[in-house]
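Everything quoted here is computed from the prediction, not taken from an experiment. Throughout, a chain's letter reflects where its sequence line sits, starting with A, and its residues are numbered from 1.
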There are 4 protein chains.
Amino acid sequence: MSTLNKVTLIGYLGRDPETRSTANGDAVAHFTLATTETWKDKATGEKREATEWHRVVLYRKLAEIAGQYLKKGSLVYVEGRLQTRKWTGKDDVERYVVEIIADDLRMLGGRNSHAEDAPEHKPEAEQSSAITRKSARPQPAEFEFEDDAIPF
Amino acid sequence: MSTLNKVTLIGYLGRDPETRSTANGDAVAHFTLATTETWKDKATGEKREATEWHRVVLYRKLAEIAGQYLKKGSLVYVEGRLQTRKWTGKDDVERYVVEIIADDLRMLGGRNSHAEDAPEHKPEAEQSSAITRKSARPQPAEFEFEDDAIPF
Amino acid sequence: MSTLNKVTLIGYLGRDPETRSTANGDAVAHFTLATTETWKDKATGEKREATEWHRVVLYRKLAEIAGQYLKKGSLVYVEGRLQTRKWTGKDDVERYVVEIIADDLRMLGGRNSHAEDAPEHKPEAEQSSAITRKSARPQPAEFEFEDDAIPF
Amino acid sequence: MSTLNKVTLIGYLGRDPETRSTANGDAVAHFTLATTETWKDKATGEKREATEWHRVVLYRKLAEIAGQYLKKGSLVYVEGRLQTRKWTGKDDVERYVVEIIADDLRMLGGRNSHAEDAPEHKPEAEQSSAITRKSARPQPAEFEFEDDAIPF
DNA sequence: TTTT
DNA sequence: TTTT
């Protein structure tokens, strides 16, 4: 019986992505993503907000895209899975960090939201996220919309 | 700027899947999936429910899995995208049908929910959905941070 | 045993929303949303794309927000459920239309993406989508664990 | 411009839920949820798996449902948002824990998956999750399926 | 550390 | 009918 572990975020990069390589040569990128919730306080009626920071990790193709086209302040859609990683600090205390291992990435902001060297008309991210899922992609049906007969 | 077209369903198969092949030899499977919403009528206080039927289409590996392990009444998780297809009936009237082109499939029911020849402990679907996304899957243990106190 | 019927879209409005009222006075808004997939043709290596049009329906508060702040070309995030509706055309032929009944709506575009009369700093949509889910929203700071080392 | 912070899980409860009350009398429930990913090791060809544990927190109505109907081993669908909470252990070391604050909960397992006192045919969870979203729920269209004319 |  |  299958399980599911999925995270979907739309948020802003807190800093430029950091890109490295793994031991076997794969690219890895990291960034933190801010999401902000706003609500009205029931008691005081005041508007309040809380920002949550998410640690996003990307590998290979997605890491390259992040390194090339994303920067501090970029607005992105990220889909991935939660993964907890154990690490030990200098103080020898064990800690856990929860990361989102991305498997989809889409740029959402306007021109000023991605890096200057981004391609004019077709960001590679679009292309690449399609590639990511290509194995499951069927030949799309040819389709034309004729709206007349349709009630709205 | 990217767009997103995603459907997520948990429901029951209305009939056994139908499996065919495309012109180029790829497997294709179809089934309809029922989801049911229940709510309490505000006026009368009575419990009401409505069932929605979804047309799911699967290609290649996912089609094979559906054909082998799913049957009428199976409970499944399906993820995919919406696609409208035009067709013309015997009456020469053009119609449109909306289908969910699946890119992930997970079996959720108990033993009696999948076909008798399904493997005892590890349904191939699990395996296969992992395969589907394998290109984006990093080796979880192979990467270690080398940062200081706070690893990002 | 529960089922799930969920759609998640990020796309562009094809036209300004149409707003009406139901018989009992609730606001209803409709718009169509375009999502575009791009991929590289395996055979020819050419870039191809297909646009899918989704019919989105919003009620009450979300309908008011759509009517006030969205317009042709707006980029939005929509979450909702699929619902098939039967209708009979002038030709007396029965047809089915699949709609997305929205239960969350978020504006994603820049300044030029929403209507001119939109509030400068706090679009009501943000506020409203928070309101929509308010019943489920806990007060984040008010709860503290009293466990030992590992809080669960 | 809105952001999004969403988690979707299907998994098994590691233990019975723990239920308490907040200072203001609201019910709170906690449980941990296991999701398991399986994949084939590229190098050795062996099947491998990794289990991830998620800390789920539920308030009010959802907390009551969890307390009443869920137990160790229950299979559930959970939707919510990520929230990081800071806490200080007995060793005076500050730590962070990431929790999923649930806003939807659906039972997925068979009879043996939920507590014995669960209602026979209509688990309250279904009802309640409908209630949660009731404000956004329109009157469902009457709809009947006539499959003959439809091409699959 | 982001953004509106 | 949108957008890049």
remark   = C:Glu18 atom CD is separated from F:dT2 atom C1', nearest whole Å, by 16 Å

ask   = How close or far is atom P of E:dT3 from atom OH of A:Tyr12, stated in whole angstroms?
value = 8 Å

query = Starting at CD of A:Glu52 and ending at P of E:dT4, how long is that distance when rounded to a whole Å?
reply = 20 Å

inquiry  = For F:dT2, does the base pair up with any side-chain atom of C:Thr51 as donor and acceptor (N or O, under 3.5 Å, distance only)?
reply    = yes

key: Base E:dT3 paired with D:Thr3 side chain (donor-acceptor, <3.5 Å)   = no

query = Please give, in whole Å, the distance from E:dT1 P to D:Tyr96 OH?
reply = 13 Å

ask   = Ring-on-base stacking between C:Trp53 and F:dT1, under 5.5 Å between centres and under 30° between planes: is it there?
value = yes

Whole-Å gap separating C1' (F:dT4) and CG (A:Leu75) = 16 Å

message = Is there a side-chain contact between A:Asn5 and D:Leu9 in this structure, where contact means two heavy atoms from C-beta onward sitting under 4.5 Å apart?
response = yes

query = Separation of C:Leu13 atom CG from F:dT2 atom P, in whole Å?
reply = 11 Å

inquiry  = How many whole angstroms separate atom CG of B:Asn5 from atom P of F:dT4?
reply    = 19 Å

Residue pair A:Arg81 / A:Gln83, side-chain heavy-atom distance below 4.5 Å = yes

query = Does the side chain of D:Val57 reach to within under 4.5 Å of the side chain of D:Ile100, using non-hydrogen atoms?
reply = no

ask   = Taking atom P of E:dT1 as reference, at what distance in whole Å does atom NE2 of A:His54 sit?
value = 17 Å

Nucleotide nearest C:Glu49 when distance is taken to its side chain, options F:dT4, E:dT1, E:dT4 = F:dT4

request  = Kindly indicate whether the side chain of D:Glu79, heavy atoms from C-beta on, has any atom under 4.5 Å from the side chain of D:Lys6.
outcome  = yes

